[in-house]
Number of protein chains: 2
Amino acid sequence: MRSGERRITLADVAAEAGVSVACVSIVMRGAPGAGEATRERVLKVAEELGYRPDSRARLLRSGRSRLLGVVFDVRHPFHHDLLTGLYDAAGAAGYQLTLSAVTPRRGERTAVGDLLQDRCEAIVLFGGNMRSAELASIASRLPVVAMMRSARRRDVDVVHNDDALGSHQAVDHLVSLGHRRIAHVDGGTVHGSAERRAGYQEAMRRHGLAEFIRVIPGGAAEEDGARAAERLLVDPPTAVTVFNDLSATGLLDVLRRNGLSVPGDVSVVGYDDTSLSRLAHIDLTTIGQDIDGLAARAIERAVERIEGTPSGPRAVIIPPRLVVRTTTGAPSR
Amino acid sequence: MRSGERRITLADVAAEAGVSVACVSIVMRGAPGAGEATRERVLKVAEELGYRPDSRARLLRSGRSRLLGVVFDVRHPFHHDLLTGLYDAAGAAGYQLTLSAVTPRRGERTAVGDLLQDRCEAIVLFGGNMRSAELASIASRLPVVAMMRSARRRDVDVVHNDDALGSHQAVDHLVSLGHRRIAHVDGGTVHGSAERRAGYQEAMRRHGLAEFIRVIPGGAAEEDGARAAERLLVDPPTAVTVFNDLSATGLLDVLRRNGLSVPGDVSVVGYDDTSLSRLAHIDLTTIGQDIDGLAARAIERAVERIEGTPSGPRAVIIPPRLVVRTTTGAPSR
DNA sequence: ATGAAAGCGCTAACAC
DNA sequence: GTGTTAGCGCTTTCAT
């Protein structure tokens, strides 16, 4: 038998406390203009009645929702880490988050649509494959911040990790260990792959290792890394930088199954510092993205656009950092 | 320059189409009571103007939100799989989902609070450590469906996997392979651990293997499995059933590092069929939960409570299924 | 088949 | 310091 037969409204609290609804509204919002005695009594009555403000009505009336929509993909572990940071940053800025998930059976289009209907004031998009034109049509309605992807539009803010720099860090680390024959397994057509690949190539050239540049086509999945490892087996380099941790895991597995020791024969560096890379038996050296930094800057951009003070650069690129674990060491050959 | 200066309302569409707002409302909802010609014209104008109904206003007026709140934990991979199923089930029942995440810095209390304020009509809770009494106080306000946990309350529906049966399936599988000395690494104080442990013990007794019952204290994390493996090393059984996949992964790692082959020397069975267990180099035999079944039943329970037709049992227990991979085989000893 | 009008629960002017 | 009033954008009788 549940008691939630009728929701308690401001009017109920007002009647019970013997004041007007406006007065209760003031008290509930903590706005100035109410006596201490009244304030206390109203709060007490609200508490007793189990009153909860109706955010819909409130937002409808005030014209603002102070709501930030977030589109994330349930399949991507990194998105979940980022959500954590985003909640903190949004809360600090006085905004609430409203989440809309992309699932194998629920596209970005749908996810964004729901958010628009919720009248959030800006949308933060995690990755995704939405085309620039589509992004632009959303951006024409409300501020859009795209994370972990690029967007060739002046009206879309982008906040992401510096992929090229991450690749530089990986290569620098391996070179400092004494490696020269360093290969790269890329991410295929996934967002960020081109930048990471170019970063690898540039870093190799910077170290005078242009002749050792070797890019193996890969992808974002474990199998992609496994396939790449098989191609590498013929003539193994002493080190490999891989597009992401998952692919690196697949590569590690195939390498070891074929009798190569890591890091004895081959050193491996992943990307993203996902929980997978931290597992004891994987313990992968990787490039970690600054999650809280990314989150804070994304919220900052969104709020600036909402509140009409668009300052600073349109694109925010955050430097990643190297996380050394046990899959890298000095070359034995 | 974005054009979303002002939101387009029903009135705008009505004015543009030369009809009343009520008429537009009818058309937009697809309600009966509008001529075909009018309907088409209104739809065309709405499209041109880029009109989007304001869900807040709509719900405020109609008194219903048709919104189901979901509390999930960003850290739990299984929760994400379940979200996918839940979106489908909710959509089919004519409800929308509103997500509220639990993060390392955002508790269940906060997550539920936001949902209450959003005036959703029921709450679906994934796991969590909320106490029964607290759950009850929420349930006194609106229907609550708890998933992947139990609740000793008549007013809280629970929908979860049959943990005891899962353990039976694991033991049956191992016994059919010829194992007798089968140990169990439990989940400590985590929800479901007691049931899985009891199921293991009962299955062992059922097979006349009571004398081989051996329970090692564990937990939900990888390290818990690793620690348990170290204790097992002294006198290894021929098979182990583990509380979950993550713990099983830690156990596998320690076993192999100590020269034991899997499944040659020891067979291992996990629980949950998470993406981790599917990784090529882990390829763990495990117990899979019926995600779509769980999701469908949870939505069903929630909707029944909302619409006032509470029929059927309060608790829904769904049978899991064995997923055989490569960590189990016939015993060599 | 369509329109006028009331009001969902709340906030924001303004008056008292 | 507190109450009155007028809506926010929409749905929903009830007339027409």
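Chain naming here is simple, since letters A, B, ... match the order of the sequence lines and numbering starts at 1 in each. On a predicted model such as this, the values are computed, not experimentally measured, just so you know.
- At least one side-chain heavy atom of A:Thr98 sits under 4.5 Å from a side-chain heavy atom of A:Leu115.
- At the heavy-atom level, A:Arg56 lies nowhere under 4.0 Å from the strands shown.
- Residue B:Gly33 is classed as a base contact, given a heavy-atom separation below 4.0 Å to a base.
- Here the side chain of B:Leu60 is nearest to one of D:dG1, C:dC10, D:dG9, namely D:dG9.
- Taking 4.0 Å as the cut-off between side-chain N and carboxylate O, A:Arg75 and A:Asp73 count as a salt-bridged pair.
- Rounded to whole angstrom, the span from the CZ atom of A:Arg41 across to the C1' atom of D:dT2 amounts to 11 Å.
- As rounded to whole Å, 13 Å separates atom C1' of D:dT11 from atom CG of B:Asp54.
- Look at CG on B:Leu59: it is 15 Å from C1' on D:dT12, rounded to the nearest Å.
- Taking atom CG of B:Asp118 as the reference point, atom P of C:dG9 lies 16 Å away to the nearest angstrom.
- Between A:Ser20 and D:dG3, a side-chain N or O to OP1/OP2 separation shorter than 4.0 Å is present.
- Side-chain nitrogen and oxygen atoms of B:Ser62 include none within less than 4.0 Å of the OP1 or OP2 phosphate oxygen of D:dT12.
- Looking at the side chain of A:Cys23, the nearest of the listed nucleotides D:dG9, C:dG9, D:dG3 is D:dG3.
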Derivation of the salt bridge (Lys or Arg N to Asp or Glu O under 4.0 Å) call for B:Arg105 and A:Asp292: CA-CA 12 Å; B:Arg105 268 115 62 192; A:Asp292 291 331; 3.3 Å; yes
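- Residue B:Ala22 is in base contact, counting any heavy-atom pair closer than 4.0 Å across all strands shown.
- Of the candidates C:dT11, C:dG3, D:dG9, the closest approach to any side-chain atom of B:Val19 belongs to C:dG3.
- Distance B:Leu10 CG to C:dA6 P: 19 Å, rounded to the nearest Å.
- Residue B:Arg61 places no side-chain N or O under 4.0 Å from the OP1 or OP2 atom of C:dG7.
- The nucleotide whose nearest atom lies closest to any side-chain atom of B:Ser25 is, among D:dT11, C:dA12, D:dT4, D:dT11.
- Contact check, A:Arg29 against C:dA12: a side-chain N or O comes under 4.0 Å of OP1 or OP2.
- Between the CD1 atom of B:Ile26 and the P atom of C:dG3 there is a distance of 9 Å, given to the nearest Å.
- Counted within 6.0 Å of CZ on A:Arg314, heavy atoms from surrounding residues, nucleotides or ligands total more than 12; the atom is thus considered enclosed.
- Going from atom CE of B:Met28 over to atom C1' of D:dC10 covers 12 Å, rounded to whole Å.
- Classification of B:Glu40 and B:Lys44 as a salt-bridged pair fails, no side-chain N sitting under 4.0 Å from a carboxylate O.
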